[in-house]
> 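Pasting in a structure now, in structure tokens, and then I'll have a few things to ask.
Just so we're on the same page: letters track the sequence lines, and every chain starts at 1.
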2 protein chains.
Amino acid sequence: MATIRDVAKLAGVSTATVSRVLNEQGGVNSETKQKVLDAIKKLNYKPNTIAKNFRQNKTDTIIVVIPDITNTFFSKILLGMQDVANANGYNVLLCNTNNDVEKELEYIRFTERRGADGIIFLTARVNYTNILELTKTCPVVVACEYIDNLDIPTVSINNFKAAYEATEYLIKLGHKKIAYINGPKGIVLSRDRLRGYKAALERYGIEIDEKLIFEGDFYYESGYKHAKQILENGASAVFTASDDMAAGFIRYCIDNNIKVPKEVSVVGFDNIKLASIIKPELTTIAQPMYEIGSTAMDMLIKLIKGEEVEKRNIVLEHQLIVRESCMPYEKSYVKTLK
Amino acid sequence: MATIRDVAKLAGVSTATVSRVLNEQGGVNSETKQKVLDAIKKLNYKPNTIAKNFRQNKTDTIIVVIPDITNTFFSKILLGMQDVANANGYNVLLCNTNNDVEKELEYIRFTERRGADGIIFLTARVNYTNILELTKTCPVVVACEYIDNLDIPTVSINNFKAAYEATEYLIKLGHKKIAYINGPKGIVLSRDRLRGYKAALERYGIEIDEKLIFEGDFYYESGYKHAKQILENGASAVFTASDDMAAGFIRYCIDNNIKVPKEVSVVGFDNIKLASIIKPELTTIAQPMYEIGSTAMDMLIKLIKGEEVEKRNIVLEHQLIVRESCMPYEKSYVKTLK
DNA sequence: TTGTAAGCGTTATCAT
DNA sequence: ATGATAACGCTTACAA
């Protein structure tokens, strides 16, 4: 494998000159430049990226820690991240944790060892003190979760408010027995959404019924699994912390000949593509996925470059997307029966 | 940032000894080792990965070039890749091309410059000579496509045979006007699947009707888009080169009150999760996604390590999964009408 | 068991 | 405009 020295020798110049040509720094005589270019071609020389990175003490690589790569919600966010990263000359090293805290810690270690210039977490399972520790030695951004009090940069929607609005929407349709399938405990956004759900009920004087609150894991299967109990407990509407769970819930209804929204109304969360593919189309909270990704990456790159970041906790707008999966309680089947 | 020299100095030993402790090579007195460990702790020393990589002339990183990260088919494959890579101490650098040839070339260049130890393509848009060129300087594996004649290692199913069997299944159900929505031209697997489709028709003496053959792009929308024409051209069954396109086709039918499979039978390809989420559940060709990923990564790592690879073109087994989206032509609505 | 020192390929500083 | 050379942090012969 040819090195810069081989090129220099063949071109009859110094390595410094070759380097200047390579990096298009100018200040090189055009004849000299041509000689160098010829030598590069002749030797089929490819600059060694590792050596360059080593010398410059940077990797041009950013780690993105993702809890589940098969979830299209995350892959949409990734799209925004990659565009911004590539536009700034960075590569994205995608790390899938499968919701495993140990893996998260592994990637934190990797970054500390300068395997990457910065790191973004899409939802963290790990104790925040670990991340806080990391911020001291390395640029970090957390996306999708809002963390106050701790000095960790974040980009997210207002999960509390979004869940509040989704619940309020169902309340205003006349529903009173509204079930909620939450994300896993121990994740900040689960906590926030649960609070939003409860706050809405309280605001409208509906008693909180713990028998209508379930802990899911965001997956389709967990929506399906809890459906039976939810229905048996008399809910006329369900709000879920992910579209996948909503889809699972609806599928249970289809399999058991229960009509959505005629017999149960359903609201999801995320507005992934699936939400508009299934029938009935899902009413859901839309997160600006691409924008979350691009904004988070933008912030991280500023942090890496040591630029000033005006706002360290960015909150983006969500939106309730009304489609076909809800119906006023008044018109619903259960009501009509009486 | 503390270096190995700082640690050596504080522990009162040489850098060689620190390195030995760091890499757990043994042959270090346990007292000495303890001194080193103490110094590491005291200085909060983290070994510099780039320096190590540089010295050892490797990155422990493998590039995976993916045409579309939001496609769960690819992310499932990725799961298998990551497991094998991580088990062998490699990181996976995921590169999304969005089906852009220019981006593919970019990642080829990146690898040539030793930015990674090896590269896997999940379907290539690029001219194969570019990849062939790359194989001379760098370990390469192509997954999902079988390429004969050229000496490029591959892992895939037999796409010809799979498409043949899917088509044959429809023929045996009595269908004669069977439409096919292919993947994009210029991809080897599109070519192979199209051949399989045509071969089955020929084998059973059904004339090939070019008006029933469409070029899609694997996406949901392209299944939806071609549905009208397919139906107008009188097809009683459709085979598509991806589950997403099949889902799009079915959705068009739902939107236009056409019953699947009562009025049209549909067979997809890939067996992604969506196939069993939608109604009717999709009959489809199952690819062993995880296994394709793990096998490809396994092969690449062997290549990187310079180990012998017995078989350079691995073909894994596919399977026709029969669900709800097909029906015998005899029983179908159109037939019944007569 | 431990230490010395060369060297990986590049960039960047300082001369010329 | 060009060159000489130190330096980046680590591993690894080889020597002791």
Side-chain angles (χ1 to χ4, degrees), chain A residues 1-40 43-61 89 110-117 137, chain B residues 1-40 43-61 89 109-117 137-138:
Chain A
M1 196 101 273
T3 73
I4 198 171
R5 256 187 285 268
D6 300 323
V7 175
K9 199 176 289 173
L10 183 62
V13 299
S14 72
T15 60
T17 300
V18 177
S19 178
R20 281 189 272 259
V21 172
L22 245 26
N23 297 289
E24 291 165 332
Q25 289 172 325
V28 179
N29 185 295
S30 65
E31 284 175 42
T32 317
K33 186 175 172 182
Q34 196 52 53
K35 278 192 294 183
V36 171
L37 258 20
D38 291 345
I40 287 174
L43 294 171
N44 190 27
Y45 164 74
K46 316 275 181 195
N48 183 316
T49 311
I50 320 174
K52 179 174 180 162
N53 287 345
F54 171 52
R55 176 61 230 247
Q56 300 186 327
N57 193 32
K58 65 197 182 67
T59 61
D60 293 332
T61 297
F110 182 84
T111 311
E112 284 177 334
R113 290 166 179 227
R114 314 233 28 76
D117 296 349
T137 58
Chain B
M1 196 101 272
T3 72
I4 198 170
R5 256 189 287 267
D6 300 324
V7 175
K9 199 177 288 174
L10 182 61
V13 299
S14 72
T15 59
T17 301
V18 177
S19 177
R20 282 188 271 258
V21 172
L22 244 27
N23 296 291
E24 292 165 333
Q25 289 172 324
V28 179
N29 185 295
S30 65
E31 283 175 43
T32 317
K33 185 174 170 182
Q34 196 51 55
K35 278 194 293 184
V36 171
L37 258 20
D38 290 345
I40 288 174
L43 294 171
N44 191 27
Y45 165 74
K46 317 274 182 195
N48 183 318
T49 310
I50 320 175
K52 179 175 181 163
N53 287 344
F54 171 52
R55 176 61 227 252
Q56 300 186 329
N57 193 32
K58 64 196 182 66
T59 60
D60 293 332
T61 296
R109 264 176 249 130
F110 182 84
T111 311
E112 283 177 334
R113 291 169 177 223
R114 315 230 29 76
D117 296 348
T137 59
C138 170

> Can you name the nearest heavy-atom pair linking B:Asn57 to B:Arg114, along with the distance?
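Here B:Asn57 and B:Arg114 meet closest at OD1-NE, 3.7 Å.
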> Between B:Leu10 and B:Tyr45, is a side-chain contact (heavy atoms from CB on, under 4.5 Å) present by the stated rule, with each step listed?
CA-CA 12 Å; B:Leu10 182 61; B:Tyr45 165 74; over 6 Å; no
> Counting only heavy atoms from other residues, nucleotides and ligands, does the tally under 6.0 Å from CD of A:Glu24 exceed 12?
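For A:Glu24, atom CD is not crowded (no more than 12 foreign heavy atoms under 6.0 Å).
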> Whole angstrom is fine here: how far is it from NZ in B:Lys33 over to C1' in C:dT2?
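In whole Å, C:dT2 C1' lies 16 Å from B:Lys33 NZ.
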> Output the rounded distance in Å from NZ (A:Lys9) to P (D:dT2).
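Interatomic distance, NZ of A:Lys9 to P of D:dT2: 20 Å.
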> Which of the following nucleotides, C:dT10, D:dC10, C:dG3, is nearest to the side chain of B:Arg20?
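Of C:dT10, D:dC10, C:dG3, C:dG3 is nearest to the side chain of B:Arg20.
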> Identify whether any heavy atom of A:Asn29 sits under 4.0 Å from a base atom; if not, whether one sits that close to sugar-phosphate; answer base, sugar-phosphate or nothing.
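Sugar-phosphate: the residue A:Asn29, judged by heavy atoms under 4.0 Å, touches backbone atoms but no base.
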> Under 4.0 Å, counting only non-hydrogen atoms across every strand here, what does A:Gly12 touch: a base, just sugar-phosphate, or nothing?
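Sugar-phosphate: the residue A:Gly12, judged by heavy atoms under 4.0 Å, touches backbone atoms but no base.
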> For B:Asn57 and D:dC10, what is the distance between atoms CG and P respectively, to the nearest whole Å?
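Value for this atom pair: 18 Å.
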> By the 4.0 Å heavy-atom rule, please label B:Ser19 as base, sugar-phosphate, or nothing.
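Base contact.
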> Test of understanding: with side-chain hydrogen bond (donor to acceptor under 3.5 Å, both in side chains), list the residues that count as partners of A:Thr17, not counting sequence neighbours.
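For A:Thr17 the side-chain hydrogen bond (donor to acceptor under 3.5 Å, both in side chains) partners, ignoring immediate neighbours, are A:Ser14.
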> Nearest to the B:Ala16 side chain among C:dG3, C:dT2, C:dG9, which nucleotide is it?
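Output: C:dG3.
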> By nearest nucleotide on DNA chain C, pick out whichever of B:Phe54 and B:Gly27 is the more 5' one.
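This one resolves to B:Gly27.
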> Hey, does the side chain of A:Thr17 come within less than 4.0 Å of D:dG3's phosphate (OP1/OP2), counting only N and O?
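So the side chain of A:Thr17 is within the cut-off, an N or O lying under 4.0 Å from OP1 or OP2 of D:dG3.
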> Taking the side chain of B:Val28 as its heavy atoms from C-beta onward, which of D:dT12, D:dG3, C:dT2 lies nearest to it?
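Of the candidates, C:dT2 comes closest.
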> Using the side-chain contact (heavy atoms from CB on, under 4.5 Å) definition, which of the options B:Asp60, B:Asn23, B:Ile4 pairs with B:Lys52?
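With B:Lys52 as partner, B:Asp60, B:Asn23, B:Ile4 yield a single side-chain contact (heavy atoms from CB on, under 4.5 Å), made by B:Asn23.
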> Anything under 3.5 Å between a donor and an acceptor, one on a side chain of residues 27-40 of chain B, the other on a protein residue two or more places apart or in another chain? List them.
residue : atom : partner : partner atom : Å
B:Asn29 : OD1  : B:Glu31 : N            : 2.7
B:Gln34 : NE2  : B:Asp38 : OD1          : 3.1

> Give the rounded distance in Å between these two atoms: NZ of A:Lys58 and C1' of D:dG9.
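From A:Lys58 NZ to D:dG9 C1': 17 Å.
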> What is the distance, to the nearest angstrom, from the CD atom on B:Gln56 to the P atom on C:dG7?
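It is 18 Å, rounded to the nearest whole Å.
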> Taking OP1 and OP2 of D:dC10, is either one under 4.0 Å from a side-chain nitrogen or oxygen of B:Thr15?
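For D:dC10, neither OP1 nor OP2 has a side-chain N or O of B:Thr15 closer than 4.0 Å.
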> Among residues 45-52 of chain A, which residues get a heavy atom nearer than 4.0 Å to DNA chain C?
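Those residues whose heavy atoms fall under 4.0 Å from DNA chain C, taken from residues 45-52 of chain A in numerical order, are A:Tyr45, A:Pro47, A:Asn48, A:Ala51, A:Lys52.
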> A:Asn23 near the nucleic acid: base, sugar-phosphate alone, or nothing, with a heavy-atom cut-off under 4.0 Å?
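Here A:Asn23 touches the backbone only, sparing every base.
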> Closer than 4.0 Å, any side-chain N/O of B:Ser14 to the OP1 or OP2 of C:dG3?
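True: B:Ser14 side-chain N/O within range (under 4.0 Å) of C:dG3 OP1/OP2.
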> Hey, could you give me the CD1/OG1 distance between A:Ile50 and B:Thr61, rounded to the nearest 0.5 Å?
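Separation between the atoms: 8.5 Å.
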> Output the rounded distance in Å from CD (B:Glu24) to P (D:dT12).
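Whole-Å distance recorded here is 15 Å.
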> Across the strands shown, which category fits A:Thr32 at heavy-atom distances under 4.0 angstrom: base, sugar-phosphate, nothing?
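If one applies the 4.0 Å heavy-atom cut-off, A:Thr32 turns out to touch the sugar-phosphate alone, with no base involved.
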> Roughly how far apart are A:Lys58 NZ and A:Asn53 CG, rounded to 0.5 Å?
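A:Lys58 atom NZ to A:Asn53 atom CG measures 6.5 Å (nearest 0.5 Å).
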> Find the distance B:Arg113:CZ to C:dG9:P and express it as a whole number of Å.
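Interatomic distance, CZ of B:Arg113 to P of C:dG9: 16 Å.
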> Please report the distance, rounded to the nearest Å, between CG in A:Leu22 and P in C:dG9.
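Distance, rounded to whole Å: 15 Å.
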> Of the listed nucleotides (C:dA5, D:dG9, D:dT2), which one gets closest to any side-chain atom of B:Arg5?
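So the side chain of B:Arg5 is nearest to D:dG9.
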